[in-house]
Amino acid sequence: MAEDSDQEKNEEPTGKRLEDARKKGQIARSRELNTFAMLIASAAMLLMQGEKIGRDLLSMMRSEFQLSRETIFDPNSIILHFKQDMIDSVMLIAPFLGLTVIVAIIAPISLGGWIFSWDAVSPKLEKMDPIKGIPRLFAMGGLIEMLKALLKILLVFGVAVVLYRSFIGELLGLGTESLEQSVEHALNIIGRCFLLLSASLVVIAMIDVPYQLWEHSKKLKMTLQEIKDEHKESEGSPEVKGRQRRMQMDMAQNRMMADVPKADVIVTNPSHYAVALKYDQNSNSAPKLVAKGVDLIAAQIRNVAIGANVPLVASPPLARALYYSTEIDKEIPQGLYLAVAQILAYVYQLKAAQENDWRAPLPPGDIKVPDEFKQD
């Protein structure tokens, strides 16, 4: 552990590290990008809908605030007017609210993608501790946030001063216009100023987005030891993998030995190789190899076969050819059909002779094996 702490985290994060971070909700996010997107969208909406909003406001005031004497002294009418005012106000700001919600969803997705993690939203008591929060104020992240805040203040103040000097003439001229024109003109000026002020924040967003990507990548960097430990954890230690392989081999060998008593014949070398064959005469399939082995496994196959009264036939070239050309539970290749047919014919004759007390047939002589299947 001491060696791990001394290592620098200079290695790029692995795929597993990135995936684990996403599951925890740890992805790159830029609040400045979100703020800029929401403000610019709202400003554009205000600039496009400003005049309409002005007309709707004037219409609402004329209809709802110019009341007759009977309406004023009628308690029910006041409630109805108030209800209508609330409905009109909600309908007036509904486009802004809808656009803000859409942008608030799309802006984060554009940077880090869509993700929802319970681990990210679950409350953490250590983050609520004010004493533990003090060091974070003076950490590098806190200083960066403070510098961004100062830069935003200076930038917005500078742009506001320029806008004030640019639009002061139009603002002073509003008093010479009619009520309808002045309201519409004022909202148009507000929309333009709002749009330009919001657009100025693109500078902050352009600084913050690369910084957040770099900071996120930096937090996920790993040491060489962490990469080795992760690889060992995901792949398993060599000892465990070796033990698993041995267990798999033992299970496969046990299954193979269980099929030996069901075989029709064992073709042997006769001492080094042993191959067990089974043929279903009622099917159209070729003979199938159900077990094979060399040396100790071959001896075990022969012992099991003798105990189960399965015939053993010595044919060294054929035994080697079957061993190297055919996998367990697979049919023999077509080139060995004739050679195996000679072996099976002998086995069937031998079984018939034993059942009827006939003279046992002579084992097949030199069985020819095609050159492409011969093994030295």
Side-chain angles (χ1 to χ4, degrees), residues 236 238-376:
E239 295 81 4
V240 174
K241 292 170 65 178
R243 186 161 57 251
Q244 290 176 345
R245 282 196 297 269
R246 287 194 297 272
M247 292 175 62
Q248 292 172 353
M249 292 174 62
D250 291 341
M251 293 173 63
Q253 183 174 335
N254 292 335
R255 288 196 300 268
M256 183 181 69
M257 290 302 174
D259 291 334
V260 171
K262 305 174 186 177
D264 293 314
V265 64
I266 309 297
V267 183
T268 65
N269 190 34
S271 57
H272 294 293
Y273 291 83
V275 177
L277 299 176
K278 181 176 178 59
Y279 177 56
D280 186 359
Q281 302 181 53
N282 297 323
S283 68
N284 295 324
S285 60
K288 184 180 295 185
L289 188 148
V290 297
K292 66 178 182 178
V294 295
D295 296 333
L296 293 177
I297 297 179
Q300 188 175 356
I301 291 174
R302 291 195 300 271
N303 292 334
V304 174
I306 293 172
N309 294 321
V310 178
L312 276 66
V313 178
S315 179
L318 181 57
R320 290 194 295 269
L322 289 168
Y323 181 87
Y324 288 107
S325 66
T326 311
E327 297 297 328
I328 297 174
D329 289 332
K330 300 296 182 181
E331 295 181 359
I332 65 172
Q334 188 174 0
L336 297 177
Y337 281 1
L338 181 58
V340 172
Q342 294 176 266
I343 295 291
L344 291 175
Y346 165 72
V347 169
Y348 295 147
Q349 293 173 5
L350 182 62
K351 289 183 178 179
Q354 291 174 349
E355 293 174 356
N356 297 284
D357 291 333
W358 296 343
R359 179 185 296 178
L362 294 176
D366 186 18
I367 298 177
K368 300 297 183 180
V369 175
D371 293 338
E372 65 266 24
F373 291 99
K374 288 183 178 179
Q375 301 288 334
D376 294 333

Worked verdict on Val313 versus Thr268 for side-chain contact (heavy atoms from CB on, under 4.5 Å): CA-CA 6 Å; Val313 178; Thr268 65; over 6 Å; no
Once you round to the nearest 0.5 Å, how far does [atom1] of [X] lie from [atom2] of [Y]?
| X | Y | atom1 | atom2 | answer |
| --- | --- | --- | --- | --- |
| Asp329 | Lys278 | CG | NZ | 12.0 Å |
| Ile332 | Leu318 | CD1 | CG | 8.0 Å |
| Ile266 | Ile343 | CD1 | CD1 | 11.5 Å |
| Arg320 | Phe373 | CZ | CZ | 15.0 Å |
| Glu331 | Tyr279 | CD | OH | 10.0 Å |
| Met257 | Ile301 | CE | CD1 | 4.5 Å |

Lys330: salt bridge (charged side-chain N to carboxylate O under 4.0 Å, His left out) partners, not counting sequence neighbours: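 In terms of salt bridge (charged side-chain N to carboxylate O under 4.0 Å, His left out), with neighbours along the sequence ignored, Lys330 is linked to no residue.
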side-chain contact (heavy atoms from CB on, under 4.5 Å) evaluation trace for Gln281 with Tyr348: CA-CA 11 Å; Gln281 302 181 53; Tyr348 295 147; 3.5 Å; yes
Audit row: Gln342, Lys368, side-chain contact (heavy atoms from CB on, under 4.5 Å) steps and yes/no: CA-CA 10 Å; Gln342 294 176 266; Lys368 300 297 183 180; 5.7 Å; no
Please give me the minimum heavy-atom distance between [X] and [Y], naming the atom from each residue.
| X | Y | answer |
| --- | --- | --- |
| Ala353 | Arg359 | CB-O, 3.7 Å |
| Ala319 | Val275 | O-CG2, 3.6 Å |
| Pro261 | Val310 | O-CG2, 3.8 Å |
| Ile367 | Ala339 | CG2-CB, 3.5 Å |

Any pair counted as side-chain hydrogen bond (donor to acceptor under 3.5 Å, both in side chains), so long as it reaches residues 257-267, sequence neighbours left out: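 Non-adjacent pairs meeting side-chain hydrogen bond (donor to acceptor under 3.5 Å, both in side chains): zero.
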CD (Glu372) with more than 12 external heavy atoms under 6.0 Å: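 Enclosed.
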Within-4.5 Å side-chain heavy-atom neighbours: Pro370 and Leu336: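 A side-chain contact under 4.5 Å exists here.
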Name each donor-acceptor pair under 3.5 Å that joins a side chain in residues 282-298 to protein atoms two or more places apart or in another chain, with its distance.
residue: Ser283; atom: OG; partner: Asp280; partner atom: O; Å: 3.1
residue: Ser283; atom: OG; partner: Ser285; partner atom: OG; Å: 2.9
residue: Lys292; atom: NZ; partner: Tyr323; partner atom: O; Å: 2.9
residue: Lys292; atom: NZ; partner: Thr326; partner atom: O; Å: 2.9
residue: Asp295; atom: OD1; partner: His272; partner atom: ND1; Å: 3.2

